[in-house]
Protein chains: 4
Amino acid sequence: MRGLNKVTLIGNLGNDPEFQKLEGNTSVAKFSLATTESYKDKYGQTHTTTDWHTVVLWRSLADLAYKYLQKGSLVYAEGRLKTRSYDDKEGSKRYVTEVVADQIIMLDKKAVDNE
Amino acid sequence: MRGLNKVTLIGNLGNDPEFQKLEGNTSVAKFSLATTESYKDKYGQTHTTTDWHTVVLWRSLADLAYKYLQKGSLVYAEGRLKTRSYDDKEGSKRYVTEVVADQIIMLDKKAVDNE
Amino acid sequence: MRGLNKVTLIGNLGNDPEFQKLEGNTSVAKFSLATTESYKDKYGQTHTTTDWHTVVLWRSLADLAYKYLQKGSLVYAEGRLKTRSYDDKEGSKRYVTEVVADQIIMLDKKAVDNE
Amino acid sequence: MRGLNKVTLIGNLGNDPEFQKLEGNTSVAKFSLATTESYKDKYGQTHTTTDWHTVVLWRSLADLAYKYLQKGSLVYAEGRLKTRSYDDKEGSKRYVTEVVADQIIMLDKKAVDNE
DNA sequence: TTTT
DNA sequence: TTTT
């Protein structure tokens, strides 16, 4: 009860969610989310940066995402940052940081009407 | 003005901040931050997970961090998620995700007294 | 540097923004924002609660709001909680709590196309 | 699933939590929380503003607060904004806005050691 | 790889 | 009404 680890994102999906059923019938979904921000440099010129995030969803949230979200959907996602390690094919350790979401708000008219 | 990319963390530094002056006299500081959460499993047993995050600070925030933070300090950090890529010594692409903080609140009595 | 006071809302405007120019040509805008949440009770029945918030914007954000937002617009608003007191016509003290926003993201297609 | 209503605060309690058992043995606790922010005006002078918030806790969180928090304690509180109305003794409607917290992190060494 |  |  002493730590806080929270991520909040609003952005568009870069791909359709990948969906999987794990052992024990647990659902997982994963997608890329692009967050785009504009800022003005000191010459008054507008620049745009895009950051890409890997969002992972479990259980009923994964089912919802698979059913209603698609490439291009606009969503609010809230969750926590989690860095996993794995061994690549050369046998060296690699790290990947993901956002494990526990809340999703669909911001597209389309998506919401379906709900 | 259409995206949101925000991370908020409360945790303890795992090391003293590494500090660097870049060209143009720009300050950068970097440290590892551990966020710890407890949860009860279905048998009522308490488990603890720790996530480690790389926090990067620029300019005056870097100076502050270098001056007042140290291994063990408790801080609130707020910023955005940023994934950089680089080529490792074998020439293959590697990715690293960092939290670029734009606000730090020092939560240690000690740190605050110094300020 | 020791406190945090942050509010984040996603909801729809309940009215067109009220806009005013104060002395010194400072812009202020104000609107009501409804945030709606659904939850299931212990009988599995879905309930919906709506909370209303007064959102206040200053300067260029006020101008933006006045130009692009209207009754029904969907927005993300971030800011801080502020309680003001005033004397009502009977001369007794009244309190009103507002969200002073420093960031607005327009989530309507319509609004964004105009920008 | 279309709205977001979230408040995050870091500050000190202005009083010991008031604690009550409601019908059905439900616990409620309430306290004032001060969030203090400093900023520099255009003359470089530092100013300090304090905002006061009413924080309400239910059930096990209320029990925790009553047990471990006291006047002066430093806490992180997260929850949602809720405006209630009531009739004052003159019979006119009054509104009060509270933060209904669903997460509390105790940031005092003291408090944490007790936990 | 998204969106405006 | 808090805290530094």
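Below, all heavy atoms of this structure are taken into account, side chains as well, without hydrogens, waters or symmetry copies. Protein chains get the first letters and strands the later ones, always in sequence-line order, with residue 1 at the start of each.
Among the nucleotides F:dT1, E:dT2, F:dT2, the one closest to the side chain of D:Ala34 is F:dT2. Nearest to the side chain of A:Lys71, among F:dT3, E:dT2, F:dT1, sits E:dT2. Considering only the side chain of D:Asn12, F:dT3 comes nearest among E:dT3, F:dT3, E:dT1. Taking the side chain of D:Ser32 as heavy atoms from C-beta on, and the options F:dT3, F:dT1, E:dT1, the nearest nucleotide is F:dT1.
Residues C:Leu69 and C:Met106 have side chains in contact (heavy-atom distance under 4.5 Å, counting atoms from C-beta outward). Residues B:Arg94 and B:Ser85 are not in side-chain contact: their nearest non-hydrogen atoms beyond the backbone lie 4.5 Å or more apart. Taking the side chain as every heavy atom from C-beta outward, B:Leu4 and A:Leu9 never approach each other to under 4.5 Å. Residues B:Lys6 and B:Glu78 are in side-chain contact: their nearest non-hydrogen atoms beyond the backbone lie under 4.5 Å apart.
Heavy atoms of A:Thr50 sit under 4.0 angstrom from at least one base atom. Residue D:Thr35 is classed as having no contact, given no heavy-atom separation below 4.0 Å to the nucleic acid. Backbone-only contact: A:Gly72 has heavy atoms under 4.0 Å from sugar-phosphate atoms and none from a base.
Atom CG in D:Asp51 sits roughly 13 Å away from atom C1' in F:dT2 (whole-Å rounding). Between D:His47 atom NE2 and F:dT4 atom P there is a gap of 22 Å when expressed in whole angstrom units. If you measure from atom CG of D:Leu9 to atom P of F:dT1, you get 21 Å, rounded to the nearest angstrom. Between the CG atom of A:Asn15 and the P atom of E:dT1 there is a distance of 11 Å, given to the nearest Å. Protein atom CG of A:Asp108 is 11 Å distant from nucleotide atom C1' of E:dT2, rounded to whole Å. One can place CG of A:Leu107 at 15 Å from P of E:dT3, the figure rounded to the nearest angstrom. E:dT1 atom P lies 18 Å from atom CZ of A:Phe31, rounded to whole Å. One interatomic measurement links the two molecules: CE of A:Met106 to P of E:dT3, which rounds to 17 Å at whole-angstrom precision.
For the residue pair D:Thr46 and D:Ser38, no side-chain donor N or O sits within less than 3.5 Å of a side-chain acceptor on the partner.
In the displayed structure, A:Lys21 atom NZ is contacted under 6.0 Å by more than 12 heavy atoms of other residues, nucleotides or ligands.
Contact check of residues 75-84 of chain A against DNA chain F (heavy atom, cut-off under 4.0 Å) returns no residues at all.
Residue pairs satisfying the salt bridge (Lys or Arg N to Asp or Glu O under 4.0 Å) criterion with at least one member in residues 8-17 of chain C, sequence neighbours excluded, are absent.
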